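Note that the structure is predicted; figures quoted are calculated from it, not measured.
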Amino acid sequence: MGKQKPTIPKGTRDFGPEQMAKRTYILETIKTVYKKYGFQNLETPTMENLSVLTGKYGDEGDQLLFKIVNSGDYLKKVKAEDLEKGAKFMLPKISEKGLRYDLTVPFARYVVMNHGNLSFPFKRYQVQPVWRADRPQRGRYREFYQCDADVVGTDSLLCEAEILAMMGEALTNLKVTDHTIKLNNRKVLTGIAEAIGENGKESELCVAIDKLDKIGVDKVNQELVEQRGFTEDAVSKLSPIYEMSGSTEERIEKMKTFLASSEIGLKGISELEEVFNFTKVMGVPTEKVEFDVTLARGLSYYTGAIFEVKVNNANMGSISGGGRYDNLTGVFGVEGLSGVGFSFGVDRIYDVLEELDLYPQSAIETTKVMITNFDNAGRDYCLPLLQKLRTAGISAELYPDNAKMKKQMNFANKKGIGFVVLAWEDEMAQGKFSLKNMETGEQQLLTDEQIIEVLK
């Protein structure tokens, strides 16, 4: 076999030890918030039957599904009687499966399959990779992790208020303070379609307006007319929507006037007001929450509140999104289970924290202290200390080979180890060790107990 240049598929990434330490920091920070709000962990299979996935994400979403068209590239032997007819092999029956596009639809499928064993409202969080056959670019990958949190089995808008609280708390804990949480309601978008005389075209409106930040007003209007079947007169009436400004309260009042002829649109505004009232009563900070009437979220299963988070001082799109879905479980046979949830995009948060240099030193530190190994006598003298450090909860390692000082120090520096223990004849004669701070260069002669006290 000839030599082969190792590569990975476009839109995927390897994560080495330092990158994994940073990802673990992100995941644990978010999981801590989810657990704090009463969410339970759940995992679903990597692949789903294609019928479970299709028709849930809109036309554009369906086109991004990774489809598995066969159960494996192998040939299946047929029965002996078929061999007599001259057929030696046959292909297996094509199995229509797909890699999960998100975590919400598999969650809805899980809820229906386990409906009788769950206590409702059911709160779950899920941290797993998803796959999309998208064009790879910065912040957009074909394989990436999502951190979902959903509540199903209740219509209460208190859940929306808690989601705003969870988003804000997780981002604050990650030190991402300069962010905006955008909030809208799909009923408002349905009302906008009615108000401009395009009843029943809210899905088409959402698909187009969802691209507003990417392609601008003119091209969105052009798409609405040329591809979505809107009249030019209807599109011209969207100008007040595009130009909406002022505080959340002022925007809500403007939309009450704009949607005066739409009952469902006013219902959406009323729901938004109730969510904001809940946040006030709960004491949830909302200075970073903004009512954005152009926020659409392209997924077709949303029916109520929709959320999106943007980091203002970073070169990145949204890092979180979600919304209310009134009957996602209905397509699987269980009606009336309303749910609401959101997801953090781990890979995008990773890139943001990298760009803004927000990772704490503790997040990337793998080993706190390394014990040097110059000869067998020093190694054996230090071995009991190694175990004492680990018993005390301090990450520690012993350099495995007898080696020169320079080689071991270079190893510690390259790995980012903060402290090094040295034991020469003088230290061993006194029953002590030298502890070197690799950042300051300071060196102390200490007992094993004193070393543990310093490092803890």
Is it true that [X] and [Y] make a salt bridge, defined as a side-chain N closer than 4.0 Å to a carboxylate O?
{"X": "R109", "Y": "E48", "result": "yes"}
{"X": "K415", "Y": "E397", "result": "yes"}
{"X": "E204", "Y": "K201", "result": "no"}
{"X": "R13", "Y": "D347", "result": "yes"}
{"X": "D178", "Y": "K310", "result": "no"}
{"X": "K436", "Y": "E442", "result": "no"}
{"X": "E223", "Y": "R228", "result": "yes"}

Will you find, in the side chains of [X] and [Y], an N or O donor that is under 3.5 Å from an N or O acceptor?
{"X": "N327", "Y": "E335", "answer": "yes"}
{"X": "S343", "Y": "D148", "answer": "yes"}
{"X": "T180", "Y": "E290", "answer": "no"}
{"X": "E194", "Y": "N199", "answer": "no"}
{"X": "E96", "Y": "S51", "answer": "no"}

Just checking [X]: does its [atom1] atom have more than 12 heavy atoms from other residues, nucleotides or ligands closer to it than 6.0 angstrom?
{"X": "N312", "atom1": "CG", "value": "yes"}
{"X": "D213", "atom1": "CG", "value": "no"}
{"X": "E263", "atom1": "CD", "value": "no"}
{"X": "K36", "atom1": "NZ", "value": "no"}
{"X": "M282", "atom1": "CE", "value": "yes"}
{"X": "E453", "atom1": "CD", "value": "no"}
{"X": "K254", "atom1": "NZ", "value": "yes"}

Ring centre gap for Y302 and Y325 strictly below 6.0 Å: no

Counting distance only, does the side-chain N/O of [X] pair as donor-acceptor with the main-chain N or O of [Y] below 3.5 Å?
{"X": "S262", "Y": "L259", "answer": "no"}
{"X": "E243", "Y": "P240", "answer": "no"}
{"X": "N437", "Y": "E439", "answer": "yes"}

Measure from NZ or CZ of [X] to the centre of the six-membered ring of [Y], then state whether that distance is under 6.0 Å and the direction lies within 45° of the axis.
{"X": "R142", "Y": "F66", "value": "no"}
{"X": "R124", "Y": "F107", "value": "yes"}
{"X": "K31", "Y": "Y125", "value": "no"}

R324 and C159: CA distance, side-chain angles, deciding distance, side chain to side chain contact (heavy atoms under 4.5 Å, CB included) verdict: CA-CA 10 Å; R324 165 75 63 174; C159 299; 4.3 Å; yes

Roughly how far apart are [X] [atom1] and [Y] [atom2], rounded to 0.5 Å?
{"X": "L455", "Y": "L435", "atom1": "CG", "atom2": "CG", "result": "5.5 Å"}
{"X": "H179", "Y": "S318", "atom1": "NE2", "atom2": "OG", "result": "13.5 Å"}
{"X": "L42", "Y": "L103", "atom1": "CG", "atom2": "CG", "result": "9.0 Å"}

Validation row: [X], [Y] side chains within 4.5 angstrom (heavy atoms):
{"X": "F291", "Y": "L295", "value": "no"}
{"X": "L189", "Y": "I306", "value": "yes"}
{"X": "L353", "Y": "Y25", "value": "yes"}
{"X": "F307", "Y": "L164", "value": "yes"}

Exercise: identify the closest heavy-atom pair between F120 and G153: CD2-CA, 4.2 Å

Derivation and outcome, side chain to side chain contact (heavy atoms under 4.5 Å, CB included), residues Q40 and K123: CA-CA 6 Å; Q40 297 174 287; K123 303 170 93 172; over 6 Å; no

Parallel, tilted or perpendicular: ring planes of Y34 versus F344, cut at 30 and 60 degrees: parallel

Residue among L238, T294, I209 satisfying side-chain contact (heavy atoms from CB on, under 4.5 Å) with I192: L238

With Y101, the side-chain contact (heavy atoms from CB on, under 4.5 Å) member among L64, D62, V130: L64

CA sep, side-chain torsions, deciding dist, call: L174, L358, side chain to side chain contact (heavy atoms under 4.5 Å, CB included): CA-CA 8 Å; L174 289 168; L358 293 177; over 6 Å; no

Derivation and outcome, side chain to side chain contact (heavy atoms under 4.5 Å, CB included), residues M409 and M438: CA-CA 9 Å; M409 294 301 106; M438 295 296 286; 4.1 Å; yes

Candidate pair K22 and E354, rule salt bridge (charged side-chain N to carboxylate O under 4.0 Å, His left out), full reasoning: CA-CA 9 Å; K22 292 176 178 178; E354 190 89 345; 2.8 Å; yes

